[in-house]
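Only heavy atoms go into these numbers, but all of them, side chains included; no hydrogens, no water, no symmetry mates. Counting convention: from 1, in listed order, for ligands and their atoms alike.
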Amino acid sequence: MVASIYQSGLTNLPMGELQKLVHQVGQTPMQALHLSVAGKTHTVHLKLEGYNPTGSMKDRTGYSLIQHLEDRGLLSEGSTIIESTSGNLGVALAFQCKARGYRFIAVIDPKTTEENIAKMEALDASIEMVYEPDTSGGFLLSRLARVQELCSQHQNYTWTDQYSSSANPHIHYSCTGPEVYQQMDEQVDAVFVPVSTGGTLSGIGRFFREVSPATRIIGVDAHGSVIFGTPPAPRKLTGIGSSRRSHFISADLYDSHMLVHDEEAFAFCRELYRATDIHVGGSSGASLAACVRYLASHPEDTRVACVCADSGRNYASSIYNDAWLQQHNITLTAEHLGPLESIAKAN
Ligand SMILES: Cc1ncc(COP(=O)(O)O)c(C=O)c1O
């Protein structure tokens, strides 16, 4: 486990330190929790991806996308990388690019958290904001159209393409999945994985299908996202969800999916923080909400993992801010915690 850039301070790190951290993504800790659900106590293991260098699981993806291009000789000093991102991948790529001597342009949208924009800027990324939502009410298609436009105007731009590069699922197949499996002593009943591009679900799913086919792989998505074929609708959750289907997910790689409302995800983030001091982001709250609902109908499952894709630090101005919740007419109640009775750290 590495010292996160958060702890060291983004702007204070000398170049030598940044360069060292580039190759130190992953090996994040697992935190065991006792969750009481419908009269039974389960041990649930949180894979805390906020401990990656820039604070999210997307450090793995960013590393893999850039390494893949470098390995194929497609980058040289001073190359310009461009990517569409709702935030976390933008921070991860900004970090990788700064440390490796590339310029980086992040095409983002108004839902990108102010915390992530500040981090990208501190890592010298150029920010390109799209303001027009696409036909599904999300911003992905608008961001992608802007990436295409900029690439056609600048032949020297290289698009990392997190949406279809095999380097995205591959890093989760070769690293994230094996870490979860080993940290749980190779006994895993179910894994809950938040989904956007589907790289994480696809990579973890493929790994577990090979080594432990009985482990149930459950994709967690936001209500209003179209990834699993449900109709589009507005949503506040960021990181998770998409306005189009994933290139990476196929039915053989996962067992089921669960959709979570914004309020449920936010309520779980805040309850986890209140009860344990563990500070996670919205998609992690969604994974936990899905996990608790699932455990109520699967009391036999005792060894369960939830992928917590980022830390709560990204959401100080939103999920963890009462004024922001009020401004968006969001009232969180005990009902949003569903069948959860209590949460406590197991160690
Ligand atoms: C916080 C968060 N959770 C979940 C995801 C989904 O990961 P993937 O794109 O691999 O499906 C992302 C992706 O950006 C994310 O930032």
Counting distance only, does the side-chain N/O of Glu83 pair as donor-acceptor with the main-chain N or O of Gln162 below 3.5 Å?
yes
Relative to each other, are the rings of His298 and Tyr294 parallel, tilted or perpendicular (30° and 60° limits)?
parallel
Answer yes or no: is there an ion pair linking Glu179 with Lys47, defined by an N-O contact shorter than 4.0 Å?
yes
What are the atom names and distances for all N or O pairs under 3.5 Å between ligand 1 and the protein?
{"from": "ligand 1", "atom 1": "3 (N)", "to": "Ser283", "atom 2": "OG", "distance (Å)": "2.7"}
{"from": "ligand 1", "atom 1": "9 (O)", "to": "Lys58", "atom 2": "NZ", "distance (Å)": "2.9"}
{"from": "ligand 1", "atom 1": "9 (O)", "to": "Thr197", "atom 2": "N", "distance (Å)": "2.9"}
{"from": "ligand 1", "atom 1": "9 (O)", "to": "Thr197", "atom 2": "OG1", "distance (Å)": "2.7"}
{"from": "ligand 1", "atom 1": "10 (O)", "to": "Thr197", "atom 2": "OG1", "distance (Å)": "3.4"}
{"from": "ligand 1", "atom 1": "10 (O)", "to": "Thr200", "atom 2": "N", "distance (Å)": "3.0"}
{"from": "ligand 1", "atom 1": "10 (O)", "to": "Thr200", "atom 2": "OG1", "distance (Å)": "2.5"}
{"from": "ligand 1", "atom 1": "11 (O)", "to": "Ser196", "atom 2": "N", "distance (Å)": "2.7"}
{"from": "ligand 1", "atom 1": "11 (O)", "to": "Thr197", "atom 2": "N", "distance (Å)": "3.2"}
{"from": "ligand 1", "atom 1": "11 (O)", "to": "Gly198", "atom 2": "N", "distance (Å)": "2.8"}
{"from": "ligand 1", "atom 1": "16 (O)", "to": "Asn88", "atom 2": "ND2", "distance (Å)": "2.9"}

Where do Ser142 and Glu132 land on the side-chain hydrogen bond (donor to acceptor under 3.5 Å, both in side chains) test, with the steps shown first?
CA-CA 7 Å; Ser142 309; Glu132 278 298 307; over 6 Å; no
ring-ring contact (aromatic ring centres under 6.0 Å, His included) test vs Tyr320 passes for just one of Tyr315, Tyr273, Phe266, namely Tyr273
Against the six-membered ring of Phe139, is Arg146 placed for a cation-pi contact (under 6.0 Å from the centre, within 45° of the normal)?
no
